[in-house]
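Structure record follows, encoded as structure tokens.
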There are 2 protein chains.
Amino acid sequence: MSDKRAKLVIVDDHLIVLEGLQKLLQNAANITVEGTFTTGAAFLTFLEQHSVDIVLLDISLPDTNGIDLCREIKKLSPATIVLALSNHNERSMVLQMLQQGASGYLLKNIAGDELIVCIQEALNGEMTFSQAVKEIMSRPSVAELKGIPRLTKREKEILQLIAEGQTTPDIAATLHLSPLTVETHRKSLLQKFEVKNVALLIRMAVEHKLL
Amino acid sequence: MSDKRAKLVIVDDHLIVLEGLQKLLQNAANITVEGTFTTGAAFLTFLEQHSVDIVLLDISLPDTNGIDLCREIKKLSPATIVLALSNHNERSMVLQMLQQGASGYLLKNIAGDELIVCIQEALNGEMTFSQAVKEIMSRPSVAELKGIPRLTKREKEILQLIAEGQTTPDIAATLHLSPLTVETHRKSLLQKFEVKNVALLIRMAVEHKLL
DNA sequence: GATAAAATACCTGGAAACAGGTAGAAATAA
DNA sequence: TTATTTCTACCTGTTTCCAGGTATTTTATC
């Protein structure tokens with residue numbers, strides 16, 4: 001990468017984090033913090049007028065979320081490198097960010113020198129992750145080992161109603177279906193999730209954030 | 001309160017937060033940051049040798065949690081004021097910390113001047129909360145409107161097993177009880193949670209973080 | 001237009017859940 | 001030591017769940 005100082009921007013609604021990051025970055029040669037923003041909208045406005053090499057992006061923001069914002073950033077300025085910086089250590093979150101074009105994912109417990117290394121790597125066009133993230137991604141979660149089953153529209157609908165405590169006859173009534181039909185869908189749900197009763201079904205659904 | 005500079009300590013495993021807080025506090029008159037720690041154990045060791053007026057305590061720590069650590073701190077040095085500083089914005093967390101003797105609860109999205117005001121209030125012996133926390137505490141959560149039922153040891157045990165997908169006969173076998181006894185406990189659970197089947201029971205349990 | 005996937009509906013039968021009790025022993029708290 | 005709670009266990013019934021199918025119609029998809 002070039003010798004010019006990279007223009008970096010931080011988007012995070014926590015003042016503490018903003019200050020902390022700037023402190024950690026002030027020692028880094030060839031990086032200039034061009035600005036800090038506490039909302040996604042504020043940053044997007046800035047991005048329309050200025051060029052930004054890399055953005056450290058918090059995932060939980062007051063007006064939007066990191067996933068949507070990342071997509072917006074990439075649409076507006078594809079060359080801008082997005083590095084997610086978050087407290088969320090869930091695999092699904094990491095994957096979603098990458099899918100939206102993020103170049104890496106850092107957890108906020110990252111060490112100071114590690115942070116600078118990761119930023120350099122990202123600037124070099126590499127994918128980069130903080131140590132903790134690498135560990136999370138290396139061991140697949142129990143939930144993901146089985147994979148999230150693909151549910152049909154009806155199945156989702158019926159899963160929802162089961163989770164609301166409705167019995168098979170109840171569901172049949174609310175959806176104007178035969179109880180036998182509902183039974184069939186219910187069985188499909190149990191099969192797809194590879195569980196043997198509703199207790200586990202609900203747990204799986206909650207784990208997969210389907211409720 | 002006295003004119004002496006208050007001795008403040010920060011316990012947080014996130015370097016970014018540590019740096020950020022110090023930056024925000026460096027302008028505050030009459031507060032000196034005496035030390036920063038990334039584990040509960042490290043701080044407790046320090047506390048045995050030194051006097052500390054106030055500690056900013058993160059709740060999620062690698063070796064322990066804020067609730068237990070707060071209790072330890074208060075046992076070792078009752079005069080030390082504990083201010084919780086956390087990302088968790090759940091009522092239950094706030095209440096638990098207060099129960100362990102914390103003098104206040106701040107969220108990490110706190111503003112810089114707000115932080116200093118809160119610390120001053122705490123030093124004056126007052127209870128103090130960041131704005132966001134006040135809002136959370138003012139409107140009781142849906143979960144708490146209904147109240148979290150108090151479960152007996154057996155009931156918790158059986159709830160756990162139900163959530164694992166075990167049937168009544170299964171549970172009876174694993175606990176060496178009569179299935180009829182298990183049925184009784186199961187009914188108590190349904191009654192206490194005011195639900196009519198396991199689907200809702202599991203959801204309630206998940207919502208109340210009992211699983 | 002053919003093929004696949006999804007949605008609908010049915011059947012049989014056994015197991016479990018749920019609702020409504022009662023009641024004695026054991027542990028805890030007042 | 002009472003009083004209260006918790007744990008234990010039982011009984012009677014009805015309803016729902018769950019497992020194992022089959023089969024037709026509708027809706028996408030190629």
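The figures here come from the full heavy-atom set of this structure, side chains too, leaving out hydrogens, waters and symmetry mates.
The distance from atom NZ of A/Lys196 to atom C1' of D/dA19 is 13 Å, rounded to the nearest whole Å. Look at CD on A/Glu157: it is 13 Å from C1' on C/dA6, rounded to the nearest Å. Taking atom CD1 of residue B/Ile162 and atom P of nucleotide C/dA16, one finds them 14 Å apart after rounding to whole Å. Protein atom CG of B/Leu189 is 13 Å distant from nucleotide atom P of C/dA17, rounded to whole Å. Note: CD (A/Glu155) to C1' (C/dT8) measures 13 Å, nearest angstrom. Atom pair B/Leu190:CG and C/dA16:P shows a separation of 17 Å (rounding to whole Å applied). In this structure, CG of A/Leu201 is placed 12 Å from C1' of D/dC17, rounded to the nearest angstrom. B/Ile158 has its CD1 atom 12 Å from the P atom of C/dA17, to the nearest Å.
Taking NZ of B/Lys134 as the reference point, atom OH of B/Tyr105 lies at 15.5 Å (rounded to 0.5 Å). Distance check: A/Ile10 CD1 to A/Leu83 CG gives 11.5 Å after rounding to the nearest 0.5 Å.
Screening A/Asn65, A/Leu57, A/Val55 against A/Cys70 for a side chain to side chain contact (heavy atoms under 4.5 Å, CB included) leaves a single residue, A/Leu57.
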Item to complete: Show the numbers, then the answer: is there a salt bridge (charged side-chain N to carboxylate O under 4.0 Å, His left out) between A/Asp12 and B/Lys108?
Response: CA-CA 11 Å; A/Asp12 195 308; B/Lys108 283 188 180 172; over 6 Å; no
Discussion item. Quick one, A/Glu164 with B/Arg203, criterion salt bridge (charged side-chain N to carboxylate O under 4.0 Å, His left out). Give me CA distance, side-chain angles, the key distance, then yes/no.
Written reply: CA-CA 9 Å; A/Glu164 284 171 14; B/Arg203 283 196 70 183; 5.7 Å; no
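Residues from residues 169-187 of chain A placing a heavy atom under 4.0 Å of any atom in DNA chain C, listed by number, are A/Leu177, A/Ser178, A/Leu180, A/Thr181, A/Thr184, A/His185.
Comparing B/Lys153 and A/Asn197 along DNA chain C, the residue whose closest nucleotide (by nearest heavy atom) sits nearer the 5' end is A/Asn197.
Side-chain contact, B/Gln120 with B/Asn30: a donor N or O sits under 3.5 Å from an acceptor N or O.
The phosphate of D/dC7 (OP1 or OP2) has a side-chain N or O of B/Thr152 nearer than 4.0 angstrom.
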